[in-house]
K.L.:
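The structure that follows is given in the form of C-alpha cells.
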Amino acid sequence: MKPTLIADNVSLCYGPKNSGVTAIESISLDVEEGEFVTIVGPSGCGKSSFLSLVAGFVPVSGGQLTLDGNPIGGPGSDRGVVFQEHALFPWRSVRENIAFGPRVNNVPRSETNQRVDELLELIGLTRFQNSWPKELSGGMKQRVAIARALANRPKMLLMDEPFAALDAQTRRFLQDELLRIWQSTKTTILFITHGIDESVLLADRVVVMTARPGRIKTIIPIPLARPRDENTPEFVEVRKRVSDALLSELKMC
Amino acid sequence: MRNMVIRTLSLLTFLAAWWSFAAINASVEWVPAVMIPTPPQMLEAGWEIRDLVPADVAISLLRVFQGFLIAAVLGVLLGCLSGSSRFAENIIDPVLEVLRPIPPLAFLPIFIIWFGLGEASKVLMIAFSAFFIIYVNTYQGVRYADPLLMRAALSLGASKRQAFFGIGLPSAMPEIFTGLRLGIGMAFFVLVAAELLAADSGMGFRIQEARWQFRVDRMFFGAALIGTIGFILFALLKFVEAKLLAWKPSREAH
C-alpha cells in the first residue's frame, strides 16, 4: 500500500513569528490508502489543529503536507470533514445536505441523485431523506454528516471527535456503523478522539500525541481482527499500551 | 388554547374598561364628553367618513410599501456587503454608525425642505428610517453566520461565492426577517409622523384634519385604523416568515 497522506515535519504556530504559541511541532506521519488511523492525545494537544491542517482550514507554519503527492493548499472536495457538532445546514433537508457537495462541484444531477440514494441506503436513513435536520436525533444527524462528507467520493474522511457529543449507546452504535461504512467504501479515515477505547476499537493504527506542543509520542499498530471485542485479553492488552502511553503524558500536564 | 382564552379576556377587559370610563365621564363630565368617545362612538365617526377611508388607506399603504421596498433592497444589499467583506465593512459601517443614533424624525424637516411636501419626501423619509434597522440586522446576521457551517461548506468544495449564497445568506435569514419586521414597524411609525406634519391625504392626515375640526372621535378612529392595518401587515409578515423559516429549531426544542 502506498501512502496517500504524507505529513513531513509539519508544524503550526499561532500568533507572531518566534514569539507565538507552538500548537504542533514537527509531526511526520504517513497514512496509507484505505487505512483507518486514529489520533488520541490529552485535550489541547493540537490533535484537532492537525486535522484543521489536513482539511486545509489553516495553512502549515512549517514542513509539508501532501495528499497523493499534491500539497494541501486549502479546503477541497478530495477530503470530507465530519465535525464534532453535526454542522448540517439546518434549512436543507437530509437529501439536500448530502447533495450539497456534488452540487457545488458541478456533478451532473442524475449522478448526484444516484450517489445520494446510495448513501441514504448506506446510512439507513432513506426514510428520512426529506426531513429537516431539526427532526433527527443526534446520532442520525451525525450519520447524515458522514454521508454528506462521503458524497464527494473523497480520498480521505477527516473526523474531529465526531461521536464525543453523543450518549454512550449511540456512540457504540455509530462506531459499528462507521466501521461498516469504512469497509464498504474503503475510504481512508483520519479520526481524532480523546477516547482510548474508541481509538483501539476503530483503528488500524493509533497515533498517541504529546501535550503542548503537540508531537507524536508513539504510533501503536492494532493487529486485532474485526469485529473487535473489548473484553478479549488481546484487546485489553493493546488498550493498556495506548493508555500507558497517554497517561505518562497526562502526568506531565 | 388556555392562553388564547386569557388573551381574549384581557382584550375584552381593556375594551370594557375604556367603554365604562368613557361612559362614566359622559355622565359626570370630568372633561367634556366629546374628549373621550366610547367604542361605538368611535366606530360611528368612522362610518361618517367611510367614503374617505379606502383612499386614505390606499395612499398610506402605497407610501409605506414604496419606502419599505427601497429600505429593504438597500438595507439587505449593503448589510450583505458589510457582513461578507471586511473591505466593504470598513467603508460602509462607520458612516452608518454615525447616522444611526440620530432619531430619523430629526431629518423630517430637512427632507421636507429638500424634497418638498409631495410624495417624494414622505417615501424617502420612510425609506431612510426603515433602512438602518434592516441594514444592521442583515449585517449582523451575515457577519456572524455560523463559522462551522461555512467551514463545512468550504470543505465540501464550495467556492467563497457559493458558500456565501448557499450558507452565509440563508443562515442570516432569521436576522434579516427580524430586520424587515422592525423595518415595517419603523416605516409605519414614520409614515404617520410625516402625514401629520406634511400631507393632504392618508390616515395620519385624517387624524390631523379631525384635530382641526375638534373631532376626538374621528381621531380615535384614525388611530384605531392605523393600529388595525399595522397589525394585519405584521401578521402577514409573520406568516411568510414562519413558512420560509420552518426549518428553524423552535426555542422549546433547546
Side-chain angles (χ1 to χ4, degrees), chain A residues 48 51-52 54-58 72 74-94 96-107 112 130-138 141 144-154 156-160 162, chain B residues 76 79-80 83-86 137-181 237-254:
Chain A
S48 287
L51 191 109
S52 292
V54 179
F57 296 139
V58 185
I72 288 171
S77 55
D78 52 355
R79 286 145 290 150
V81 184
V82 179
F83 303 88
Q84 182 172 342
E85 298 95 46
H86 58 82
L88 296 180
F89 308 133
W91 55 89
R92 289 172 190 266
S93 67
V94 166
E96 291 170 326
N97 262 284
I98 300 174
F100 183 86
R103 195 156 295 161
V104 294
N105 287 295
N106 297 318
V107 173
T112 302
N130 294 318
S131 303
W132 269 310
K134 71 168 180 181
E135 296 166 317
L136 307 181
S137 70
K141 284 178 191 158
V144 176
I146 293 170
R148 183 177 68 176
L150 287 171
N152 280 326
R153 307 241 162 107
M156 274 192 98
L157 198 54
L158 310 173
M159 308 184 78
D160 190 3
Chain B
V76 171
C80 284
S84 58
S85 139
R86 193 48 78 85
N137 278 278
T138 306
Y139 161 62
Q140 299 275 339
V142 175
R143 179 85 167 77
Y144 300 103
D146 191 345
L148 184 65
L149 295 187
M150 292 301 265
R151 276 193 163 188
L154 294 175
S155 79
L156 289 166
S159 64
K160 285 238 165 84
R161 224 181 84 100
Q162 285 168 324
F164 173 75
F165 284 105
I167 308 305
L169 196 56
S171 77
M173 277 320 269
E175 282 86 0
I176 293 177
F177 257 98
T178 303
L180 292 178
R181 226 172 334 105
L237 206 63
K238 269 260 171 206
F239 177 76
V240 175
E241 188 178 345
K243 286 269 166 225
L244 280 178
L245 301 183
W247 50 267
K248 230 178 88 179
S250 65
R251 255 180 298 162
E252 286 86 20
H254 278 291

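In what follows, chains carry the letters A, B, and so on, assigned in the order in which the sequence lines appear, proteins first and then strands, with residues in each chain numbered from 1.
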K.L.:
Quick check: do A:P90 and B:L149 have side-chain heavy atoms less than 4.5 Å from each other?
P.N.:
yes

K.L.:
What part of B:A163 gets closer than 4.5 Å to chain A, counting heavy atoms only: side chain, backbone, both or neither?
P.N.:
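Neither part, no heavy atoms under 4.5 Å.
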
K.L.:
Sort A:L158 into side chain, backbone, both or neither according to what part of it lies under 4.5 angstrom from a heavy atom of chain B.
P.N.:
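When you check distances to chain B, no heavy atom of A:L158 falls under 4.5 Å.
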
K.L.:
With distance as the sole test, does A:N105 use its side chain to make a donor-acceptor pair with the main-chain N or O of B:L156 at under 3.5 Å?
P.N.:
yes

K.L.:
Is the B:W247 ring parallel, tilted or perpendicular to the A:W91 ring (thresholds 30°, 60°)?
P.N.:
perpendicular

K.L.:
Examine whether an atom of A:A87 lies under 4.5 Å from a heavy atom of chain B, and if so say whether it belongs to the side chain, the backbone or both; otherwise answer neither.
P.N.:
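Both parts, backbone and side chain.
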
K.L.:
Is there a side-chain contact between B:S159 and A:V104, using heavy atoms and a 4.5 Å cut-off?
P.N.:
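Of all side-chain heavy-atom pairs linking A:V104 with B:S159, none is under 4.5 Å.
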
K.L.:
Pick one of side chain, backbone, both or neither for A:S131, based on which atoms fall under 4.5 Å of a heavy atom in chain B.
P.N.:
neither

K.L.:
Which atoms of A:A149 are under 4.5 Å from chain B, going by heavy atoms: the side chain, the backbone, both sets, or neither?
P.N.:
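For A:A149, the contact with chain B is made by the backbone alone.
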
K.L.:
Less than 4.5 Å to any heavy atom of chain B: does that hold for the side chain of A:E85, its backbone, both, or neither?
P.N.:
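Both parts, heavy atoms under 4.5 Å.
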
K.L.:
Between the side chain of A:R92 and the main-chain N/O of A:N97, is any donor-acceptor distance below 3.5 Å?
P.N.:
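Answer holds: no.
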
